[in-house]
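Below is one structure; the comments refer to it alone.
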2 protein chains.
Amino acid sequence: MLHILCRAARLGAEVEQEVVTQRDVARLAGVSVRTVSNVVNDFAYVADDTRARVQRALDELGYRPNLLARGLSSGRSGLIALILPLNVPYFHELSKYVVDEAERRGYTVLIDRTDGEVARERALVGRTDRSALFDGIIFNPIGLSEAELPPQSADTPVVLLGEKPVGASFDHVQVDDVAAAKAVTEHLIGLGRDRISAIGQPVRARSQTARHRTDGYRQALAAAGRDFDPDLVATVRSFQRADGAEAMTRLLESGKPPDAVFCYNDLMALGALRTLLSKGYRVPDDVALAGFDDIEDGRYSTPTLTTVAPDKHQIATLAIDLLTRRLDGDSSPPQTCSASWKVVPRESTTARSSGQHESAVQNG
Amino acid sequence: MLHILCRAARLGAEVEQEVVTQRDVARLAGVSVRTVSNVVNDFAYVADDTRARVQRALDELGYRPNLLARGLSSGRSGLIALILPLNVPYFHELSKYVVDEAERRGYTVLIDRTDGEVARERALVGRTDRSALFDGIIFNPIGLSEAELPPQSADTPVVLLGEKPVGASFDHVQVDDVAAAKAVTEHLIGLGRDRISAIGQPVRARSQTARHRTDGYRQALAAAGRDFDPDLVATVRSFQRADGAEAMTRLLESGKPPDAVFCYNDLMALGALRTLLSKGYRVPDDVALAGFDDIEDGRYSTPTLTTVAPDKHQIATLAIDLLTRRLDGDSSPPQTCSASWKVVPRESTTARSSGQHESAVQNG
DNA sequence: CTGAAAGCGCTTACAG
DNA sequence: CTGAAAGCGCTTACAG
């Protein structure tokens with residue numbers, strides 16, 4: 001296939017680029033590699049003229065450190081692995097903050113996609129052969145529960161993100177899913193809706209997250225003196241748009257359609273929204289809709305999407321804080337940090353009509 | 001802040017996990033490290049009983065290879081860097097294919113976000129200190145033009161993705177932006193629309209991509225005997241939803257609003273859609289809308305979004321093909337491969353009314 | 001089929 | 001402030 005699709009070009013002489021080592025630089029500058037290393041790593045106690053001479057040689061030869069060699073001998077690579085399901089926008093938004101925050105502290109973040117597949121999560125976390133490669137790991141499990149994770153190894157600290165921790169063997173940054181789910185359900189109840197559905201309970205329940213959000217949903221109902229109706233809870237296989245769309249279809253066809261729906265993430269809410277609008281329902285007039293995550297998509301949908309907004313910046317900062325402490329040698333007991341969140345009401349629950357809207361783009 | 005938000009747990013005895021080396025394994029199995037290495041790397045010509053004995057020692061000690069050491073001595077890390085603007089969904093969708101395809105060939109892809117910032121792109125590509133870390137690089141520049149890239153170095157092959165190459169010094173996988181933009185504009189013309197706008201010309205024109213799409217747009221107009229009206233072209237700062245939303249607002253306020261709009265990517269089209277719907281315009285009745293990229297969002301918006309769908313799977317396969325050839329020692333001239341694409345008409349240009357729709361989710 | 005040994009490019013006590 | 005040297009954990013010609 002390649003030969004049909006590809007077009008070759010004439011090539012100039014291939015420059016066989018030699019690798020420049022500290023030894024080469026040392027030779028040119030007339031010093032030892034020790035001194036070159038000192039200059040490269042910006043150590044104090046290098047005579048000014050020596051430094052200048054070495055720097056000149058460094059520039060002249062175009063020296064570039066070999067990260068592998070440095071890592072092998074120093075025991076630190078400066079690399080952090082961020083293991084996430086990139087197929088959910090929330091995580092890509094979160095990753096931006098993690099990357100930026102890590103960079104500020106001199107670390108480089110490399111992203112590993114799990115896409116929420118349990119097998120991939122297991123494989124990635126199980127790959128302890130990487131422990132030499134990465135100084136630390138930030139991991140947001142989706143399919144894997146904390147209990148299934150290999151025990152924390154002393155050499156590569158792991159910070160867990162996401163659901164409330166079960167044990168206490170990892171550093172952890174959590175969002176209080178129960179409280180947040182309860183708050184957004186209360187918002188729906190406050191609208192005066194009667195039949196409030198929940199979309200997101202997984203078919204095979206592994207995820208604590210979904211369980212917690214269901215708990216919050218039920219607590220809000222109970223607090224309002226409402227009965228819990230299992231028929232109003234729709235299960236899903238994953239947290240994608242298609243799952244939300246299908247679940248919504250099932251609810252609508254159930255005979256007694258809901259007048260409000262809490263989806264366990266924005267992606268599913270967007271799928272549910274598609275189903276509702278395409279079947280002629282008005283949102284929020286006929287059905288009010290709320291999600292979770294506060295992804296950008298929900299600020300541009302029509303209607304815009306009411307959601308729970310976890311403080312992504314704070315989550316990232318806390319995660320990097322926790323990790324860098326370990327990297328700096330802190331061996332105190334594992335900590336659990338809570339990031340804040342808030343309910344952001346938008347058109348999908350508050351607008352009067354689903355047609356004309358006041359504000360083009362409202363950002364909670 | 002941390003002390004307020006965090007809760008510490010009691011910790012069990014910290015297991016000081018010793019690193020197990022091949023030497024340890026060799027000692028236990030009564031062989032040399034050479035033989036251990038042979039077994040670990042699954043070389044032929046190891047006596048069955050020796051292999052079994054070594055394997056037992058390997059298991060017993062829980063040996064894990066040190067990737068850094070392996071990389072340093074072998075010169076290959078098995079790692080590929082994928083440098084992309086993750087803040088555009090198209091690229092995260094593309095990255096999935098690249099990761100999967102690379103994995104099939106035994107490589108691990110680590111993702112680096114550029115988010116389209118020229119400075120980040122420059123920094124990442126300029127970081128030749130990484131050449132030891134990565135066997136190869138797949139890079140989709142957004143801000144940087146090919147001419148600004150450092151020359152291809154012999155030790156770390158680079159495959160470029162995206163816009164039509166200017167020079168011919170890199171392996172390249174391109175999509176024919178001119179032809180695709182022309183085709184989608186023709187689709188709009190075929191609808192019988194009079195005033196067809198284009199959104200996406202950058203304020204400071206660096207990107208060839210936008211230039212090519214404008215070329216295609218103009219070619220389609222010319223071929224249909226239409227005049228090119230500069231007032232119908234709206235510029236943007238980046239390719240995000242907000243840019244599309246703002247550009248659309250400007251076009252609507254220009255006095256003579258368009259009745260069709262070609263946005264240079266789906267993200268901007270979604271922003272433009274938001275502006276249109278929130279101002280009471282019907283899509284496609286009043287304004288037909290088309291994007292580029294075929295991201296999932298556009299299959300769930302209401303109306304669903306007409307778009308150009310590049311074959312992402314093919315792009316990924318071609319990129320990995322090209323790269324692995326170089327890694328296998330091929331030093332033939334740089335090649336340019338073209339990936340296919342097609343126009344996918346959806347509701348935003350074809351539906352009769354913007355209210356009720358036929359198909360809930362139609363997938364091109 | 002396997003061993004002894006050099007070497008990948010760097011960092012880092014140890015001296016001085 | 002700087003040098004000579006060991007060592008990080010692995011791979012890989014070179015012998016045998």
Side-chain angles (χ1 to χ4, degrees), chain A residues 17-55 57-58 61-79 128-135 155-156, chain B residues 17-55 57-58 61-79 128-135 155-156:
Chain A
Q17 188 164 326
E18 284 302 322
V19 176
V20 178
T21 70
Q22 290 188 355
R23 202 165 37 128
D24 300 325
V25 177
R27 196 143 37 198
L28 178 59
V31 298
S32 74
V33 292
R34 161 85 220 219
T35 302
V36 175
S37 179
N38 282 347
V39 172
V40 167
N41 294 297
D42 213 30
F43 279 5
Y45 305 127
V46 177
D48 284 351
D49 56 328
T50 309
R51 183 182 297 276
R53 194 148 35 93
V54 172
Q55 191 56 58
L58 246 17
L61 261 30
Y63 170 80
R64 294 294 150 198
N66 179 320
L67 259 30
L68 253 28
R70 173 181 291 176
L72 181 60
S73 64
S74 73
R76 285 169 286 107
S77 66
L79 261 27
T128 42
D129 56 340
R130 292 175 152 208
S131 60
L133 186 57
F134 293 110
D135 289 346
D155 46 340
T156 311
Chain B
Q17 186 164 329
E18 283 303 321
V19 176
V20 178
T21 70
Q22 290 187 356
R23 200 164 38 126
D24 301 325
V25 177
R27 195 142 39 198
L28 178 60
V31 298
S32 74
V33 292
R34 161 82 218 221
T35 302
V36 175
S37 178
N38 283 347
V39 173
V40 167
N41 293 299
D42 212 31
F43 280 3
Y45 306 128
V46 177
D48 284 351
D49 58 327
T50 310
R51 185 183 296 277
R53 193 148 36 92
V54 171
Q55 191 57 58
L58 245 17
L61 260 31
Y63 170 80
R64 293 293 151 199
N66 179 322
L67 260 30
L68 253 27
R70 172 180 293 175
L72 181 60
S73 64
S74 73
R76 284 169 286 107
S77 66
L79 261 27
T128 42
D129 56 341
R130 293 176 149 204
S131 59
L133 185 57
F134 294 110
D135 290 345
D155 47 340
T156 311

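Each chain gets a letter, A, B and so on, in the order the sequences are listed, and its residues count up from 1.
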Integer angstrom distance from the P of dG9(D) to that of dA13(D): 23 Å
Watson-Crick or G-U stems of DNA chain D, 3 or more pairs, under 3.5 Å, by first number: C:1-3 with D:14-16, C:5-12 with D:5-12, C:14-16 with D:1-3
Smallest separation among heavy atoms of Asn41(B) and Arg70(B), with atom names: OD1-NH2, 3.6 Å
Atom pair distance, as rounded to whole Å: CG in Asp42(A) and C1' in dC10(C): 17 Å
dA15(D) and dT11(D), which share atom name P, separated by this distance in whole Å: 22 Å
Stepwise side-chain contact (heavy atoms from CB on, under 4.5 Å) check, Val20(B) with Leu58(B): CA-CA 9 Å; Val20(B) 178; Leu58(B) 245 17; over 6 Å; no
Nucleotide nearest Ser32(B) when distance is taken to its side chain, options dT2(D), dG3(C), dG9(C): dG3(C)
Atom-to-atom span, CG of Leu72(B) to P of dG9(C) - whole angstrom: 7 Å
Among dC10(D), dG9(C), dC1(C), the nucleotide that comes nearest once only the side chain of Asn66(A) is considered: dG9(C)
Whole angstrom value for the distance that separates C1' of dC10(D) from CG of Asp24(B): 13 Å
Minimal non-hydrogen separation, Arg53(B) against Gly30(B), with atom names: NH1-O, 4.1 Å
Integer angstrom distance from the P of dC14(D) to that of dC10(D): 24 Å
B/S/- contact track for nucleotides 11-16 of chain C, protein heavy atom under 4.0 Å: BBBB--
Length of the CG-P vector between Leu61(A) and dG9(C), whole Å: 14 Å
Arg23(A) CZ - dC8(C) C1' separation (whole Å): 10 Å
side-chain contact (heavy atoms from CB on, under 4.5 Å) assessment of Asn38(B) paired with Val54(B): CA-CA 10 Å; Asn38(B) 283 347; Val54(B) 171; over 6 Å; no
